[in-house]
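Treat the numbers as computed from the prediction; the structure is a model and nothing was measured. In the text below, chain A, chain B and the rest are named by the order of the sequence lines, each starting its count at 1.
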Protein chains: 2
Amino acid sequence: MLKKKQNIEHTQLLVLSLLAGEDMYGYQMIVELARRSDRTFEMKEGTLYPILHGLEKEGYVEAYQQTAPTGRVRKYYHITRKGSGLLSEEKEAWQRYCGAVNAVLEASLA
Amino acid sequence: MLKKKQNIEHTQLLVLSLLAGEDMYGYQMIVELARRSDRTFEMKEGTLYPILHGLEKEGYVEAYQQTAPTGRVRKYYHITRKGSGLLSEEKEAWQRYCGAVNAVLEASLA
DNA sequence: TAGAATACCTCGCGGCACAAGGTATGTCAA
DNA sequence: TTGACATACCTTGTGCCGCGAGGTATTCTA
């Protein structure tokens, strides 16, 4: 009856989704995520950076240095083809998950 | 910039939502949850029972014994007024969360 | 010129979902 | 009638995720 694990790791989904739009550096991602989610997601640095390093290690993203007009060096991340594949999977998983929750919520109204 | 914690505890939401429809016992909730979610949620007993005990301890649900026609004794849970309040809050939180994820996903398409 | 903002990083903790195991009763087929 | 399976409840231990907290360094601004 009970078998599969189902982890909620929407953080990866969100990060990959951001990078699907354009290359970004860490700090920017935190700010953008907050903005696009209307302040719902205030991702912590202690959360984001380990995720980025993990994604890079697995080949889902690639990092490169770039100096900003301000003179500061930033570390940009670029999503790879492999990363896009993962994103697709996670999008689908999210939609399924989201739909399932809503189904349960609506069922209890009847 | 970064301040609030945001835990993903949709399990409570799902459990309370089930009980909002009718009183249920643990095993039944697992089966119902799987059915209503089209097998997406196969909640484990090691997850459910501690949650139920916690909800009961905090006064969100009340438990009572009832003997089934089969002769088996079952432990039914009933949602309290306080529990309904919590459910409302969590529903709202879920909608906000869900909307935020979708907003981020859609933003990356542009 | 001090503090805020920018920008990156890591270590350790707490809590959650689960695996795994235990107990017990009812049902049904061989 | 017995053994396997479904029903029904429970707890302990573990792994991992997200975060708190702290660290470093540079640039901007009042």
Worksheet item: For the pair made of CD in A:Glu42 and P in D:dG20, what is the distance, rounded to whole Å?
Response: 11 Å
Worksheet item: Nearest of D:dC10, C:dC9, D:dT26 to any side-chain atom of B:Lys75?
Response: D:dC10
Discussion item. Nearest whole Å is fine: how far is C:dA7 C1' from A:Leu33 CG?
Written reply: 17 Å
Worksheet item: Once the angle between the rings of A:Trp94 and B:Tyr97 is folded into 0 to 90°, is it parallel (under 30°), tilted (30 to 60°) or perpendicular (over 60°)?
Response: perpendicular
Item to complete: Answer yes or no: does a side-chain N or O of B:Tyr27 lie under 4.0 Å from OP1 or OP2 of D:dT7?
Response: yes
Worksheet entry | Which atom of B:Ser37 lies closest to which atom of A:Val104, heavy atoms considered | CB-CG2, 4.1 Å
Item to complete: Return the minimal non-hydrogen interatomic distance between A:Arg36 and B:Ala103, and the atom names on each side.
Response: O-CB, 3.6 Å
Practice prompt. Please say whether the positively charged group of A:Lys75, taken as NZ for Lys or CZ for Arg, lies over the ring of A:Tyr25, i.e. under 6.0 angstrom from the six-membered ring centre and within 45 degrees of the axis.
Written response: no
Practice prompt. Compare side-chain N and O positions of A:Tyr25 against OP1 and OP2 of C:dA7 and report whether any pair is under 4.0 Å apart.
Written response: yes
Item to complete: Just call it for A:Gly71: base, sugar-phosphate, or nothing, with non-hydrogen atoms closer than 4.0 Å on any strand.
Response: sugar-phosphate
Practice prompt. Write down the distance between CZ (B:Phe41) and P (C:dA17), rounded to a whole number of angstrom.
Written response: 12 Å
Worksheet item: With respect to the side chain of B:Arg74, which nucleotide from D:dA8, C:dT10, C:dA7 is positioned closest?
Response: D:dA8
Worksheet item: Given atom CD of A:Gln28 and atom P of C:dT6, what is their separation to the nearest angstrom?
Response: 12 Å
Worksheet item: Counting N and O atoms only, with roles assigned by atom type, does the side chain of B:Ser108 sit under 3.5 Å from a partner on the main chain of A:Ala20, one being a donor and the other an acceptor?
Response: no
Worksheet, complete the sentence: Atom CZ of A:Arg72 and atom P of D:dC28 are separated, to the nearest Å, by 8 Å
Response to the item:
With the side chain defined as heavy atoms from C-beta on, B:His53 is closest, among D:dG18, D:dT7, D:dC10, to D:dC10
Practice prompt. Report the distance from atom NZ of A:Lys44 to atom P of C:dG14, rounded to the nearest whole Å.
Written response: 18 Å
Worksheet entry | Upstream residue (5' side of DNA chain D) when A:Pro69 and A:Pro50 are each assigned their closest nucleotide | A:Pro50
Worksheet item: So, is B:Tyr49 close to the D:dC10 phosphate, meaning a side-chain N or O under 4.0 Å from OP1 or OP2?
Response: no
Item to complete: Would you indicate what A:Thr70 reaches in the nucleic acid, counting non-hydrogen atoms under 4.0 angstrom: base, sugar-phosphate, or nothing?
Response: sugar-phosphate
Worksheet item: If you look at every strand shown and take non-hydrogen atoms under 4.0 Å, does B:Gly46 touch a base, only sugar-phosphate, or nothing?
Response: base
Item to complete: Write down the distance between CD (A:Glu45) and C1' (C:dA5), rounded to a whole number of angstrom.
Response: 11 Å
Practice prompt. Ignoring backbone atoms, test whether B:Thr11 places a side-chain nitrogen or oxygen under 4.0 Å from the OP1 or OP2 oxygen of C:dA17.
Written response: yes
Practice prompt. Write down the distance between CE (B:Met43) and P (C:dA17), rounded to a whole number of angstrom.
Written response: 8 Å
Discussion item. If you assign A:Ala68 and B:Ile51 each to the DNA chain C nucleotide with the nearest heavy atom, which residue ends up on the more 5' nucleotide?
Written reply: A:Ala68
Practice prompt. Would you kindly compare A:Val73 and A:Thr47 by the position of their nearest DNA chain C nucleotide and give the one closer to the 5′ end?
Written response: A:Val73
Discussion item. Testing the basics here: between A:Leu13 and B:Leu105, what is the closest heavy-atom pair and its distance to 0.1 Å?
Written reply: CD1-CD2, 3.9 Å
